[in-house]
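Here is the structure we will look at.
Everything numeric in this text was worked out from a predicted model, so none of it was measured. In this chain, numbering begins with 1 at the start of the sequence shown.
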Amino acid sequence: MNLKHHFSSVLLCCISMSFAQEVAIDTVYIFDSQLKNSKKFQKISTLNEEDLLKNTANISDVLRFQSSVYIKENGRGAVSSPSFRGTTAQQTAFIWNGINVNSIFLGQGDINNLNLLGYDQLEVKSGGGSVIYGSGAIGGSIHMNNELAFNKGFNTTLFSEFGSFNTFNSFLKSSYSDEKLSVKVSGNFVKSDNDYDVPEKNYTNLNGEYDNRNFNLGAAYRINSKNTISWQTQIYNGVQHYPIFSESVTKTKYIADTFRSLVNWNFHTEKVQNIFRLAYLEDEFQYFSNINKAKSSGGSAKIYLAKNDFNYILNEKLAFNFIGEYQLNKGQGFQSGITNVERNAGSIAGLVRWNPSQKVNFEAGLKKDFVEAIETPVLYSFSGKVNVNNWYSLIFNASKNFRFPSFNDLYWQPGGNLDLKSETSLQADLGNRFQYKNFKLNVTPFYINIENMIRWLPNSGGIWSPSNINNVESYGLESQLDFVKDFGKNNAKFSLGYIYTNSKNVETNRFLSYVPKNKIFGNASYRYDFIEIYAQGMFNGLTFTSEDEKLGSALKSYFVMNAGLHIKILKHYQIGFKANNLFDQIYETTAYFPLPKRNYAANLLINF
């Protein structure tokens, strides 16, 4: 990775260039073009930079307080995984600028190994999306987007924050664009001793320090009115120490390196839009069972990807979309039994979008994946939206989704199982959208049935091994009320979400572990001219940690609240202060790993 770091350092120097004065905004180039169509039929929460800066510690905090997602975190900054609607972390897809970047070893992503401020925007989509986004998009998907604007001139943003537990967080972002060219460069750095105490639990977060750094380069060039070439590259390096319960226990750590590069060629006319993508992704991890000794296990993964997304608009009512994708996955393990493994994977998908009137929209999709040595099902999706009147819309979604086994599931030794089948799910939801003046209300009941869930359990020889043993049924309700109003120099925002989830193993009729029945989250802010105050709250209901529904080991319900303010002191300067866990709540999202009690952060934001 040294060459990559050198590459990033050289390019960061480029941000000192000076360019033309700012002019009017033209257009914004977003790499995930399919997400725009999905917003018509599915509830998608968009979190822009303004929202991300209210929870700068990591993506776990952003999703915990500002979305319906449940976060299971082994202590602040440690291993963390998201889940939707009673599914698992492996059934959540991470989408980087339109392509699936789940680990080919684990089949999932660790959100605390993603640098929050490396993205311009996060979007959170509940519900199945395998027809468009591929394996793992069963419960939902988290979209990490970078944007490029045209005709916007020169802009630079500098953010620095200091917080409790000797935490430092910063990013520098600079961009330039005119009618033809758009360039954006950013770099981020996070470091924390993370040595918080929870005296009531007799707990100190020993060996919890972490640091990570991230570099992004994006560029787009308009060749002519029909053709645009764009490029996104990301380099990430992170070091996590895993918490221990006593100074006498051996300290461990985990190092992750990621390189991603994506090139898009976008061709569009009045009737045709075609996006051709080429991507190269590389992940490397090293685990040290003793931080003072050589690594004890690890691996590296390489993905070569080609994808074509063709849209033909027959008329204003009917459009056809064909998506073809090919991947070559390569993995090499260290002390894991995985030597050199390869997998060819491809898919073809077709979607029809029919808008018979301004009030009625339909979309139907069909997809077949071809994964080397793995049987895959035919997937489908169907969505419909009816604008009943000017304040109410009814939306229906039904789909079949899947996840194929990861390299660890198949090849890890001892335990890997080459006979595993893909997990499949059938699901449906019924969205009800209400809008009255400045209020929006979304109420969506959902149902998911998952077959052949892959579980790692001890076999007859006492060795942990994966097998297809569980069928899971999950149903519940997602709801969210939003209010936004501007009046003069005032701006008020309010959102309140409630999620009810009933997720059970069909064979045992017991609740899945780490799926709370009830979650409530809320955000409120009020801005007057140069000052903004805001508050966040999150309630999590009783959560079982084992599948025998044992109350003694369940996580108790809790309510956590944060509050902060931002003050613009000069035209380009803003300072901020935030108190996290204002009421000093003692709480855990993973058993035995309490999260911090009351803590503070102060920041400076400069835009010029």
Side-chain angles (χ1 to χ4, degrees), residues 1-2 5 55-64 71-82 89 103 105-106 108-118 161-170 188-199 201-215 235-258 283-300 333-336 408 580-581 587-597 599-601:
M1 291 288 169
N2 289 336
H5 294 156
N55 293 98
T56 52
N58 47 52
I59 296 181
S60 295
D61 272 0
V62 172
L63 297 177
R64 182 180 292 123
I71 301 296
K72 180 186 172 191
E73 189 176 17
N74 290 10
R76 176 180 180 266
V79 174
S80 179
S81 55
S103 164
F105 283 108
L106 299 172
Q108 67 177 83
D110 174 4
I111 54 177
N112 280 346
N113 263 316
L114 300 167
N115 188 303
L116 168 66
L117 300 178
E161 182 175 76
F162 295 88
S164 301
F165 325 122
N166 198 25
T167 301
F168 175 68
N169 193 353
S170 67
N188 319 95
F189 177 69
V190 181
K191 186 178 187 306
S192 178
D193 289 347
N194 201 29
D195 51 352
Y196 59 88
D197 295 310
V198 184
K201 289 273 188 177
N202 194 28
Y203 180 84
T204 298
N205 200 48
L206 300 170
N207 196 48
E209 61 261 45
Y210 62 84
D211 65 79
N212 61 66
R213 54 210 61 79
N214 188 76
F215 170 79
I235 300 171
Y236 170 88
N237 168 258
V239 181
Q240 281 178 326
H241 286 221
Y242 289 161
I244 55 176
F245 297 103
S246 165
E247 289 283 9
S248 62
V249 176
T250 304
K251 295 179 178 179
T252 64
K253 69 177 180 182
Y254 182 89
I255 297 176
D257 289 282
T258 298
D283 288 307
E284 183 177 333
F285 71 93
Q286 302 174 69
Y287 175 70
F288 298 77
S289 58
N290 185 329
I291 61 173
N292 297 314
K293 295 185 177 180
K295 67 179 179 183
S296 48
S297 65
S300 63
F334 176 78
Q335 301 291 340
S336 62
N408 281 6
N580 296 305
N581 197 356
Y587 71 111
E588 301 168 343
T589 60
T590 302
Y592 311 115
F593 292 99
L595 289 165
K597 298 181 67 182
N599 60 93
Y600 307 94

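Of the possible donor and acceptor atoms, one in the side chain of N599 sits under 3.5 Å from a partner among the backbone N and O of K597. Using modelled atom types, one side-chain atom of N58 and one backbone atom of S60 make a donor-acceptor pair closer than 3.5 Å. With N581 contributing its side chain and P596 its backbone, the two residues share a donor-acceptor pair below 3.5 Å. The backbone N or O of N74 lies less than 3.5 Å from no partner atom in the side chain of Y242, so there is not a single donor-acceptor pair. Between the side chain of E209 and the backbone N or O of H241, no donor-acceptor pair lies under 3.5 Å.
Legend: residues meeting side-chain hydrogen bond (donor to acceptor under 3.5 Å, both in side chains) with S289, ordered by chain and number and at least two apart, are S296. Residues satisfying the side-chain hydrogen bond (donor to acceptor under 3.5 Å, both in side chains) criterion with D211, sequence neighbours excluded, are R213. Applying the side-chain hydrogen bond (donor to acceptor under 3.5 Å, both in side chains) criterion to T204, with sequence neighbours excluded, gives D197.
Between F245 and F593, the ring center distance clears the sub-6.0 Å criterion.
For the atom pair CD1 of I71 and OG of S81, the computed distance is 7.5 Å after rounding to the nearest 0.5 Å.
Screening N205, N166, T167 for a side-chain contact (heavy atoms from CB on, under 4.5 Å) involving N194 leaves a single residue, N205.
No donor-acceptor contact under 3.5 angstrom links the side chains of N55 and D61, judged on distance only.
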